[in-house]
> 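Shown below is the structure under consideration.
Sequence lines set the chain letters: A, B, ... in the order given, protein chains first and strands last, and positions in each chain run from 1.
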There are 2 protein chains.
Amino acid sequence: MSKRGAALELAVLGLLHDAPMHGYELRKQLNSLLGWGRVLSYGTLYPCLKALGKAGYIVATEQKDVPARGRRARIVYKLTAEGKERFTQSLEESGPASWDDDNFGIRFAFFARTASPTRVRILEGRRSRLEDRLESVRLSAQRGRERVDAYTLELQRHGLESVEREVGWLTELIERERSGGYQDPPEDTSKPDTSKPDSSK
Amino acid sequence: MSKRGAALELAVLGLLHDAPMHGYELRKQLNSLLGWGRVLSYGTLYPCLKALGKAGYIVATEQKDVPARGRRARIVYKLTAEGKERFTQSLEESGPASWDDDNFGIRFAFFARTASPTRVRILEGRRSRLEDRLESVRLSAQRGRERVDAYTLELQRHGLESVEREVGWLTELIERERSGGYQDPPEDTSKPDTSKPDSSK
DNA sequence: GTTAGCATGTAAGGAGTTACATGATTTT
DNA sequence: AAAATCATGTAACTCCTTACATGCTAAC
């Protein structure tokens with residue numbers, strides 16, 4: 001759970017930070033958060049929840065008193081104080097791990113709760129990671145060792161273009177970040193229920 | 001090796017079909033073929049080569065007679081007749097597996113050796129897979145259950161845009177394919193069709 | 001009345017990574 | 001002389017998926 005698993009852990013912690021939830025619901029949210037084709041299985045989620053429970057970051061409370069007429073007792077997971085601590089600490093981190101392929105997406109998804117300097121560091125880290133990638137691919141294309149038919153070329157061209165766009169996107173975000181943009185309210189940790197004070201920039 | 005592993009198997013077979021190679025070289029080629037951040041480890045490659053050998057698709061020949069003055073004896077892998085058979089058969093396949101996330105890239109990389117109707121089927125399959133994805137994300141965004149802050153929204157918007165571009169790319173490729181494109185370059189720039197030849201089914 | 005969705009889990013296994021182990025050769 | 005690259009492998013481990021096991025409720 002030290003490298004990849006951190007992504008799932010953070011995502012679960014973050015979603016439960018928003019609101020307590022049961023496994024089934026959590027999975028749906030996770031699927032749209034982790035996005036794009038990836039579908040998380042229960043075989044991953046439930047053991048992860050168990051581990052987080054054992055670590056003391058979450059507690060499971062069974063809804064047996066209010067079974068809502070016939071409905072199966074659902075197990076609702078809730079963040080502990082340690083869990084909240086862990087989550088906020090994780091959000092402060094801005095080392096290389098925070099901008100690798102596996103973590104960047106989740107880190108970005110929680111940007112609203114991340115401090116602005118941290119956001120910039122992560123965005124820049126991600127950008128230079130992608131730029132390194134572009135560089136090495138361009139070099140190896142120039143050295144021209146490999147198979148070159150029209151399709152291989154097209155695949156390479158398309159890949160290059162996609163990554164270039166990604167870099168452009170990141171650059172825009174960084175600039176917006178630097179000019180105050182995206183303005184978020186300075187983190188709300190007290191209120192358990194948010195009544196949508198402000199959603200548009 | 002039945003589902004995901006098929007991708008690596010196909011890639012190895014395809015590269016060895018081009019030319020016999022030793023493991024180290026193979027890995028480098030594989031890395032640029034599988035592309036983008038993915039770096040294949042020896043811990044995956046060598047066991048795979050062993051399995052392919054056991055299956056009779058490749059043979060390993062040690063270069064002991066010509067150690068090229070001091071150079072460590074390299075083990076060169078070569079396709080057998082069965083391996084060639086297997087490779088060409090694999091290239092004919094155009095079922096759902098050929099356009100999933102894990103295989104599409106490799107299938108595309110070997111398009112130059114794939115029959116044109118097969119190419120079209122794979123491209124169309126891939127496109128409709130992505131379109132399904134777009135659809136479901138758009139729906140869930142409309143139903144609007146999830147967390148909505150500026151960053152989550154931006155992430156979603158960007159993801160949507162990327163997939164849309166991908167779909168556009170595929171559409172272009174399909175059209176080019178239908179008008180003879182790529183292999184034997186008729187270099188047809190006239191483009192007489194302003195009317196849609198109907199791409200959706 | 002049967003399909004689809006809700007709900008919680010476990011067991012087995014696959015694919016791949018990291019770290020280890022070893023050593024020669026070329027470049028800086 | 002050191003560092004990078006060439007070269008081949010193995011063992012342990014991790015993350016995740018698939019398939020299984022169970023059963024209820026709502027819609028069609």
> Without decimals, in angstroms, what is the distance between A:K28 NZ and C:dA4 C1'?
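A:K28 atom NZ is separated from C:dA4 atom C1' by 13 Å.
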
> Using a 4.0 Å heavy-atom cut-off across all strands, classify A:R27 as base, sugar-phosphate, or nothing.
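Nothing, no nucleic acid heavy atom in range.
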
> Does A:Y46 place a side-chain N or O at less than 4.0 Å from the phosphate oxygens OP1/OP2 of C:dT8?
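So the side-chain polar atoms of A:Y46 do come within 4.0 Å of the phosphate oxygens OP1 or OP2 of C:dT8, strictly under.
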
> Which nucleotide in the set C:dG9, D:dT17, C:dT18 lies at the smallest distance from any side-chain heavy atom of A:T44?
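Side chain of A:T44 sits closest to D:dT17.
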
> Rounded to the Å, how far apart are A:L40 CG and D:dC15 P?
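Taking atom P of D:dC15 as the reference, CG of A:L40 is at 13 Å.
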
> Select from B:Y24 and B:K50 the residue whose nearest nucleotide in DNA chain D is closer to the 5' end of that strand.
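Checking each residue's closest nucleotide, the 5'-ward one belongs to B:Y24.
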
> Quick one: A:R74 CZ to D:dT22 C1', roughly how many Å, whole number?
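Spelled out: CZ on A:R74 to C1' on D:dT22 is 18 Å.
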
> Between D:dG9, C:dA7, C:dG16, which one does the side chain of B:R38 approach most closely?
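Nearest nucleotide to the side chain: C:dG16.
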
> Starting at atom CE of A:M21, determine the distance to atom P of C:dA7, rounded to an integer number of angstrom.
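So the two atoms are 13 Å apart, to the nearest Å.
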
> Rounded to the nearest angstrom, tell me the gap between atom CD in B:E62 and atom P in D:dT8.
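Going from B:E62 (CD) to D:dT8 (P), I get 10 Å.
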
> For the pair made of CG in B:L49 and P in D:dG9, what is the distance, rounded to whole Å?
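It works out to 9 Å between those atoms.
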
> Compute the centroid of each ring, for A:Y151 and then for B:F110, and state whether the two points are separated by less than 6.0 Å.
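Not close enough - the centres of the two rings lie 6.0 Å or further apart.
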
> Taking everything shown except A:E93 itself, do over 12 heavy atoms lie less than 6.0 Å from its CD?
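No - once you tally the heavy atoms of other residues, nucleotides and ligands closer than 6.0 Å, there are 12 at most.
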
> Relative to each other, are the rings of A:H22 and A:Y24 parallel, tilted or perpendicular (30° and 60° limits)?
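It falls in the parallel class, under 30°.
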
> Looking at B:R113 and B:D18, does any basic side-chain N land under 4.0 Å from a carboxylate oxygen?
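Counted as a salt bridge, because a side-chain N and a carboxylate O are separated by less than 4.0 Å.
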
> Please report, rounded to the nearest Å, how far the C1' atom of D:dA21 is from the OH atom of A:Y42.
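Rounding to the nearest Å, OH of A:Y42 and C1' of D:dA21 are 15 Å apart.
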
> A:I75 CD1 to C:dC6 P: how many Å, rounded?
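Rounded to the whole Å, the gap is 18 Å.
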
> At 4.0 Å (heavy atoms only), tell me whether B:G23 reaches a base, stays on the sugar-phosphate, or touches nothing.
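Result for B:G23 = sugar-phosphate.
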
